[in-house]
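Written out below as structure tokens is the structure these notes cover.
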Amino acid sequence: MIPKAFKRALWVFHVNSGSCNGCDIEIIAALTPRYDVERFGIRLVGSPRHADVIAFTGPITNDMVDKVKRIYEQTPDPKVVLVVGSCGISGGVFHESYHLAGPIERIIPEAKCFYVPGCPPRPEAIIQGVIKAWEYLEEVEKK
Amino acid sequence: MLGELLFKTVIASIGITIFAVIFGLLFKGIDRKLVARMQMRVGPPIRQPFLDVIKLMSKETIVPENAVGWMYNLAPIICLASSIILLLYIPIGNFEPLLGGHGDIILVIYIFLIPALAMVAGGFASGSPFATVGAQREMITMMSYEFPLAVVIIAIVWKLSNIGGDIFSLQFISSHPIWEEVGLLGLIGGIILLLALVIVTPGEVAKIPFDVAEAETEIAHGLLVEYSGRNLALFYIADAVKMFAMASLVVALFFPYNLSDFIKLDEIVAYIADFLFFLFKVFLVMLFSISLVRAGMARLRITQVVSVYWITITLIALFGLVLLMWDNQYSIKWW
């Protein structure tokens with residue numbers, strides 16, 4: 001019973017960790033009537049305590065490192081990290097910049113990450129990323 | 001005698017709890033689906049709130065380090081319990097309220113405060129600045145909608161005092177609909193009072209445009225910011241139950257008509273038909289006072305909430321009261 005519920009009720013907390021705002025707009029686009037992620041029970045929430053998925057957009061800048069760690073720790077288990085955009089994977093257009101603390105797996109090594117490439121990724125791609133995340137959460141709940 | 005009463009109370013309380021949780025969540029799902037359809041979206045399935053609750057129950061429950069532990073964990077339970085207690089006083093369909101009696105309408109107004117107070121206590125106990133801001137906003141909202149609500153109820157009770165009887169009981173009010181006691185001026189006054197109560201409803205249950213205390217985008221869910229897992233699920237259910245109870249109160253005050261008053265039905269069929277008709281009336285109240293308003297409006301600022309309730313809605317409600325008063329002096333028949 002529990003894993004089924006996870007499949008259709010995923011709450012996402014969105015963090016801008018140094019993004020150019022392109023991916024943030026695409027995340028908002030996924031909520032609009034055209035894509036409407038609420039039909040899958042996916043909701044954007046305003047507090048990491050309510051979240052199952054933390055969506056990071058952008059590369060992690062030096063200033064954001066401790067905030068990113070704290071947000072990850074504040075989220076109740078089970079949780080996954082969704083990295084939206086190319087920046088979170090390789091640094092993207094900010095590659096080799098002086099203020100980057102690097103991709104997210106270097107900052108939170110224990111996190112289970114899902115990557116959505118693209119600059120910015122299309123809303124369909126973001127939805128697919130969230131679906132990958134919920135498949136994983138289901139697996140966790142089964143164990 | 002006492003043992004029998006106690007037994008009845010316990011059984012009925014369990015029944016009401018199951019009923020309240022199931023129908024509260026069901027109506028919440030219908031509300032979400034309707035709002036989505038109004039915004040040209042597909043929307044979540046109607047069973048979505050049940051899935052949300054099951055998911056929240058299976059999550060980790062975190063108590064923050066600088067929270068007051070016992071208060072933090074107690075608040076959601078009080079909030080849910082007092083929301084369910086409300087339904088013990090409000091008549092549902094043809095069934096008599098379990099704990100009804102003299103003066104229960106006044107009691108119901110006060111019990112409506114307890115879920116909000118529990119949320120305030122939980123907010124202050126969670127030790128987050130966002131939650132503190134949310135708790136203060138909740139208290140201000142509470143003070144704002146209380147006066148127009150009291151004016152509406154006092155106006156109805158005062159009008160019914162013409163016929164005499166146990167006027168301060170919900171059972172009496174719902175067996176003497178206000179529309180049957182008034183003339184033309186009173187009819188207009190009644191409609192104005194109904195309008196005021198419909199606008200008080202979203203404030204009472206903290207829905208857009210009056211959900212300043214739980215604003216996601218400004219203060220990160222306000223009161224609920226630190227709550228997670230089981231505690232959040234309890235608040236989620238309490239919110240749904242409170243919404244259902246408030247809509248039932250509007251139905252009991254203004255639309256207490258039963259199907260069996262108009263059509264001759266067998267006893268058991270009448271109970272079922274009245275129950276379904278009651279659910280339909282609650283649905284209509286929620287459609288007009290919560291869903292439509294939620295789909296069409298944005299959130300107000302806290303200052304606007306106060307001025308809307310204290311100035312606009314209070315004046316409207318007082319005008320309705322004055323019309324009911326004039327109705328006693330110049331009785332013009334409307335039927």
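Lettering follows sequence order; numbering is per chain, from 1. The figures here come from the full heavy-atom set of this structure, side chains too, leaving out hydrogens, waters and symmetry mates.
- Per-residue counts of heavy-atom pairs under 4.5 Å with chain B were compared for Gly46(A), Pro76(A), Pro48(A), Gly41(A); the largest is that of Pro76(A).
- Heavy atoms from other residues, nucleotides or ligands lying under 6.0 Å from OH of Tyr115(A) number more than 12.
- For the atom pair CG (Leu51(B)) and CG (Leu10(A)), the distance works out to 11.5 Å, reported to the nearest 0.5 Å.
- In terms of heavy-atom proximity, Thr75(A) sits nearest to Ile62(B) at C-CD1, 4.2 Å.
- In this structure, the portion of Gln39(B) lying under 4.5 Å from any heavy atom of chain A is its backbone and not its side chain.
- Annotation: His95(A), atom NE2; neighbour count of heavy atoms from other residues, nucleotides and ligands within 6.0 Å does not exceed 12.
- With rounding to the nearest 0.5 angstrom, the CZ atom of Arg39(A) is 14.5 Å from the CZ atom of Arg32(B).
- Taking both residues in full, the closest heavy atoms of Val42(B) and Asp36(A) are given as N-OD2, 3.1 Å, listed atom of the first, atom of the second, then distance.
- Between Tyr236(B) and Arg43(A), the closest heavy-atom pair is CE1-NH1, 4.4 Å.
- Between Asp52(B) and Ala9(A), the closest heavy-atom pair is OD1-CB, 3.0 Å.
- The shortest heavy-atom contact between Pro33(A) and Met40(B) is CB-O, 3.7 Å.
- Annotation: cation-pi geometry satisfied between Lys55(B) and Trp11(A) (NZ/CZ under 6.0 angstrom from ring centroid, within 45° of ring axis).
- Put simply, the side chain of Lys59(B) reaches to within 4.5 Å of the side chain of Pro78(A), judged on heavy atoms.
- Using a 4.5 Å cut-off between heavy atoms, Leu224(B) touches chain A through backbone and side chain atoms alike.
- One finds the CG atom of Leu232(B) at 4.5 Å from the NE2 atom of His50(A) (value rounded to the nearest 0.5 Å).
- In this structure, no portion of Val37(A) lies under 4.5 Å from any heavy atom of chain B.
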